[in-house]
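Contents: one structure, followed by commentary.
Order of the sequence lines fixes the chain letters, A, B, ..., with proteins taken first and strands second; residue numbering starts at 1 for each chain. Every heavy atom of this structure was used, including side-chain atoms; hydrogens, water molecules and symmetry mates were not.
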There are 2 protein chains.
Amino acid sequence: MRRTTLKDLAEMLQISTSTVSRALKNHPDISNAVKTKVKEAAETFNYVPNDFAVNFRKKSSKVIGLIVPEITMFFIPSIINGISSVLNKEGYHFFILSSNDSFDTEKEHLETCINSRVDGILISLTNETKDSEHLKKLKEMEIPAIIFDKTVPKSIFESVIFDNVKNAELCADKLINHGCKNILGIFGDENLEITQSRLVSFETRIKQFPGIILNIIYCQSADLVKEKLDILLNDDSIDGFFAMSDETLMGLHSSLIKRSLNNTNKKVVSISEGTLPKYLDETYEYQINDGYEMGTIAAKKLMDNIKTLYTDNFIDSNKCYYL
Amino acid sequence: MRRTTLKDLAEMLQISTSTVSRALKNHPDISNAVKTKVKEAAETFNYVPNDFAVNFRKKSSKVIGLIVPEITMFFIPSIINGISSVLNKEGYHFFILSSNDSFDTEKEHLETCINSRVDGILISLTNETKDSEHLKKLKEMEIPAIIFDKTVPKSIFESVIFDNVKNAELCADKLINHGCKNILGIFGDENLEITQSRLVSFETRIKQFPGIILNIIYCQSADLVKEKLDILLNDDSIDGFFAMSDETLMGLHSSLIKRSLNNTNKKVVSISEGTLPKYLDETYEYQINDGYEMGTIAAKKLMDNIKTLYTDNFIDSNKCYYL
DNA sequence: TTGAAAGCGCTACCAA
DNA sequence: TTGGTAGCGCTTTCAA
């Protein structure tokens with residue numbers, strides 16, 4: 001279907017394209033008479049500016065690339081909300097690209113962003129990423145970038161990160177103030193910088209109080225938290241828990257609930273969107289409405305539609321697929 | 001910074017742009033000699049095709065619009081993963097647009113997608129959306145679309161939804177098989193179709209067993225689940241729980257953990273990315289690393305960078321901001 | 001096997 | 001206040 005263009009409007013109104021263009025953007029040079037005339041025509045003929053042409057001409061895409069190491073339930077929703085709230089106001093949009101914690105994928109995504117001429121990049125680095133060498137190209141290309149959350153020492157771009165030291169210390173203080181004497185600190189992957197900085201700061205603070213016993217466990221995943229805790233919780237003398245992140249907290253949760261339910265023989269059954277189950281345990285039974293599966297199916301159907309659009313046998317259906 | 005173009009390569013090699021273009025995409029007409037020559041030049045001069053021009057020419061953006069009613073921790077991560085897994089393979093990207101459960105915003109996003117000439121749309125409708133009238137324009141414009149999860153009766157596009165009836169029934173069966181006699185069903189917003197269909201199906205199944213007592217509560221939010229449960233859980237005779245979604249389950253969780261911790265006087269303190277706290281209760285103390293805040297700050301910094309890029313006082317800094 | 005050239009739709013410069 | 005027009009970088013048709 002051919003869409004109305006500036007030229008179409010110009011011909012219809014017997015004026016030049018430049019006049020139409022300017023009228024549409026309220027250029028002060030244009031008389032009100034012409035402006036209203038043009039706008040009416042644009043309205044009635046359903047004129048929509050072609051962003052391709054505009055971008056091409058202006059060399060600006062109004063698109064930002066968001067590259068993250070992984071798509072988790074803890075961080076992604078809030079970060080997306082935060083970013084949207086700022087960008088949408090300014091007329092920008094953003095792609096989400098997940099590196100799946102692979103440095104190579106991260107590099108690929110960076111290329112993709114460069115190729116599609118994004119106006120800027122927001123990036124959180126993978127654990128495999130050791131320096132910001134691969135970001136140098138962005139500097140050359142003059143593509144602004146901001147690193148957030150996961151960064152590297154002496155990065156070449158501005159970055160926004162959490163103050164792990166301060167926060168871990170504050171947490172330690174809370175437990176201390178509650179008078180906890182036997183504390184369990186639940187930490188994530190031992191090899192990550194983020195774990196180390198939180199650990200050191202938490203431990204240092206606690207150690208200032210000789211009367212307090214501190215036990216530390218490292219868990220690469222929420223699953224491991226559960227496993228280790230199922231044993232540790234038998235020690236009923238633990239009176240304070242510190243979870244270094246939402247993920248470790250979910251592991252702790254799971255164990256606590258399991259114990260409380262096992263004592264009572266109560267059953268919980270749930271319909272789940274597919275996100276919680278991997279963080280909870282077999283105490284629960286789920287009927288899973290898997291968002292991942294829905295996403296793949298919907299996307300596949302869409303791809304099919306797009307492909308057949310260019311052939312003669314375009315399927316115009318309104319079928320409903322049940323999962 | 002001016003980037004290398006096809007024309008640049010053509011001039012350097014003293015051949016035509018069409019030959020360069022064809023050589024780069026391995027067109028059979030072009031001799032191998034020329035192909036290698038061109039490719040080498042492209043490599044050394046860091047040639048990157050200008051997607052703006054390509055899109056413009058081809059009238060295809062390789063971009064999909066994803067419109068969702070809200071960005072939640074339960075559904076968004078899994079749906080994004082699912083969609084990415086399919087689209088990225090095909091060289092497509094997608095924008096995420098959140099309607100914030102407003103029909104008007106949904107319509108705006110639809111306009112945005114049309115204007116930016118997306119190749120297709122994946123959309124989950126808001127609760128305010130009562131029919132698919134506003135989607136008709138997509139048909140006119142020949143923009144393929146797939147509706148997922150939240151849809152409306154007799155929609156004009158294909159849709160992918162969960163089988164609520166089946167899943168709620170299966171959940172009922174599980175509790176029945178466990179021999180539960182006093183069941184609490186925790187449902188979400190009473191006015192939503194999704195709640196009603198799960199409720200009817202669950203209730204119908206349970207009612208087939210006259211010996212079972214079924215209590216139903218509706219909770220518009222996880223907060224309300226907690227509130228109501230804090231009272232209900234005093235009734236220790238409840239031996240089976242059904243949570244109709246991850247969100248209601250989180251509410252149940254929260255109450256269960258609260259009870260189990262209150263009995264023991266144990267304390268939990270956690271550093272959180274900002275997503276869990278709204279689903280848990282005051283039993284926990286958080287030091288919040290707020291992803292939302294990080295997102296807004298990072299995005300704002302990026303906008304600043306982009307804007308100053310076009311002025312003379314471009315800030316080339318690598319400052320680090322701590323939250 | 002290669003080249004010339006038109007043209008996608010828009011913006012912006014220069015001229016009137 | 002308006003019009004003419006060049007040109008963004010690429011693809012593709014037609015001609016050589």
Can you list, by residue number, the residues of residues 11-18 of chain B that have a non-hydrogen atom closer than 4.0 angstrom to DNA chain C? B:Ile15, B:Ser16, B:Ser18

Considering only heavy atoms, which members of residues 29-40 of chain B lie under 4.0 Å from some atom of DNA chain C? B:Asp29, B:Ile30, B:Ser31, B:Val34

Determine to 10° how strongly the helix from C:dT1-D:dA16 to C:dA16-D:dT1 is bent, judged from the axes of its five-pair ends. 40°

Report the distance from atom [atom1] of [X] to atom [atom2] of [N], rounded to the nearest whole Å.
X	N	atom1	atom2	result
B:Leu24	C:dT2	CG	P	14 Å
B:Lys7	D:dC10	NZ	P	11 Å
B:Arg3	D:dG9	CZ	C1'	13 Å
B:Lys58	C:dG9	NZ	P	16 Å
A:Lys25	D:dT2	NZ	C1'	16 Å
B:Leu6	C:dG7	CG	C1'	16 Å
A:Arg57	D:dT5	CZ	P	16 Å

Examine distances only and state if a side-chain atom of [X] and a backbone atom of [Y] form a donor-acceptor pair shorter than 3.5 Å.
X	Y	value
A:Lys130	A:Asn127	yes
B:Asp119	B:Ser61	yes
B:Lys301	A:Val160	no
A:Ser155	A:Val152	no

Going by salt bridge (Lys or Arg N to Asp or Glu O under 4.0 Å), name the residues that satisfy it together with A:Glu193, two or more places apart in sequence or in a different chain. none

Check salt bridge (Lys or Arg N to Asp or Glu O under 4.0 Å) between A:Glu43 and all other residues, then give those that pass, not counting sequence neighbours. none

List in numerical order all residues of residues 41-54 of chain B for which some heavy atom is under 4.0 Å away from an atom belonging to DNA chain D. B:Tyr47, B:Pro49, B:Asn50, B:Ala53, B:Val54

With sequence neighbours left out, write down each residue that passes side-chain contact (heavy atoms from CB on, under 4.5 Å) with A:Leu13, or none if nothing qualifies. A:Ile15, A:Lys37, A:Val38, A:Ala41

Who pairs with B:Lys39 by side-chain contact (heavy atoms from CB on, under 4.5 Å), at least two apart in sequence or on another chain? B:Leu24, B:Asn26

Which residue pairs pass the ring pair (Phe, Tyr, Trp, His ring centres under 6.0 Å) test when at least one of the two sits in residues 134-156 of chain B, sequence neighbours left out? B:Phe103-B:His134

Choosing from D:dC10, C:dT11, D:dT13, which nucleotide comes nearest the side chain of B:Arg22? D:dT13

With A:Thr105 via side chain to side chain donor-acceptor pair (under 3.5 Å) - residues at least two apart: A:Ser102

Salt bridge A:Glu133-A:Lys136, side-chain N to carboxylate O under 4.0 Å: yes

Whichever of B:Phe56 and B:His27 has its nearest DNA chain C nucleotide further upstream toward 5': B:His27

Report yes if the distance between the aromatic ring centroids of B:Phe95 and A:Phe95 is under 6.0 Å, otherwise no. yes

According to salt bridge (charged side-chain N to carboxylate O under 4.0 Å, His left out), does anything in residues 84-104 of chain B pair up with another residue at least two apart or in another chain? List the pairs. A:Lys307-B:Glu90

Not counting sequence neighbours, list each pair that qualifies as a salt bridge (charged side-chain N to carboxylate O under 4.0 Å, His left out) and has a residue in residues 21-36 of chain B. none

Considering just the side-chain nitrogens and oxygens of A:Thr19, establish if one lies under 4.0 Å of OP1 or OP2 belonging to D:dG3. yes

Does the side chain of A:Lys59 get closer than 4.0 angstrom to OP1 or OP2 of D:dG9 through an N or O atom? yes

